[in-house]
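Here's the structure, in structure tokens; my notes come after.
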Amino acid sequence: MPRPTAAQFAYGSATVVATTLALLLLFRTESGVGVAAVGATALALGLLVALRLPRPGHPTAEGAGRTATDRASAAARTHHALEGVGARERVPAARSSARSSARTDEHSLRR
């Protein structure tokens, strides 16, 4: 069983505390059975909130249905769109080796 994340602990705990306070103030219960029912309800809701948070690194429902073909076609559309705006032309050209070695010698500390 995977360990819960810090976000799951935080959201679950905050939900339990907020729900307990809200239900106790709303129903103004004074009996032990009422307080136990409020506590159980708040714990169940906090657990539900914590488990419904998406885990990092797991695919969401939106991305889970995509096939490899869908991802490849999306990548191809992105590639074509970048070519359309001239992304390849904006990449600086490589310097010639003679020019770069002359600059290296010029600024070298070894003489």
Side-chain angles (χ1 to χ4, degrees):
M1 184 171 171
R3 290 183 169 179
T5 63
Q8 287 176 316
F9 274 125
Y11 279 108
S13 300
T15 302
V16 169
V17 170
T19 303
T20 303
L21 289 176
L23 289 176
L24 286 175
L25 291 173
L26 181 67
F27 292 120
R28 297 185 188 272
T29 184
E30 295 178 2
S31 68
V33 175
V35 172
V38 165
T41 304
L43 284 173
L45 188 60
L47 183 63
L48 179 70
V49 167
L51 292 177
R52 294 297 296 168
L53 281 178
R55 293 186 145 272
H58 287 268
T60 59
E62 178 183 313
R66 289 188 175 175
T67 62
T69 308
D70 294 339
R71 286 190 295 272
S73 65
R77 285 192 305 270
T78 303
H79 178 73
H80 290 304
L82 288 175
E83 283 182 346
V85 296
R88 287 183 179 241
E89 297 165 4
R90 294 184 183 158
V91 176
R95 294 183 182 158
S96 67
S97 60
R99 219 170 125 197
S100 62
S101 65
R103 286 193 172 182
T104 305
D105 293 341
E106 182 179 311
H107 297 289
S108 177
L109 295 174
R110 297 180 194 169
R111 290 198 180 223

Any idea which heavy atoms bring Ala50 and Gly12 closest together, and the distance? CB-CA, 4.2 Å
Got a sec, which hydrophobics cluster with Val17, joining ILVMFWY side chains under 4.5 Å apart, including via others?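 Besides Val17, the cluster holds Leu21.
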Which hydrophobic side chains are connected to Leu25, either touching it within the sub-4.5 Å cutoff or through other members that do?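 For Leu25, no cluster forms, as it stays isolated from other hydrophobic side chains.
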Taking side-chain contact (heavy atoms from CB on, under 4.5 Å) as the definition, give me every residue that meets it alongside [X], ordered by chain and number, with sequence neighbours left out.
{"X": "Thr19", "value": "Thr15, Leu23, Ala42, Leu45"}
{"X": "Thr5", "value": "Ala7, Gln8, Arg55, Pro56"}
{"X": "Leu43", "value": "Val16"}

Would you tabulate the side-chain donor-acceptor contacts of residues 27-34 under 3.5 Å, counting partners in other chains and residues two or more places apart, or write 'none'?
{"from": "Ser31", "atom 1": "OG", "to": "Gly34", "atom 2": "N", "distance (Å)": "3.1"}

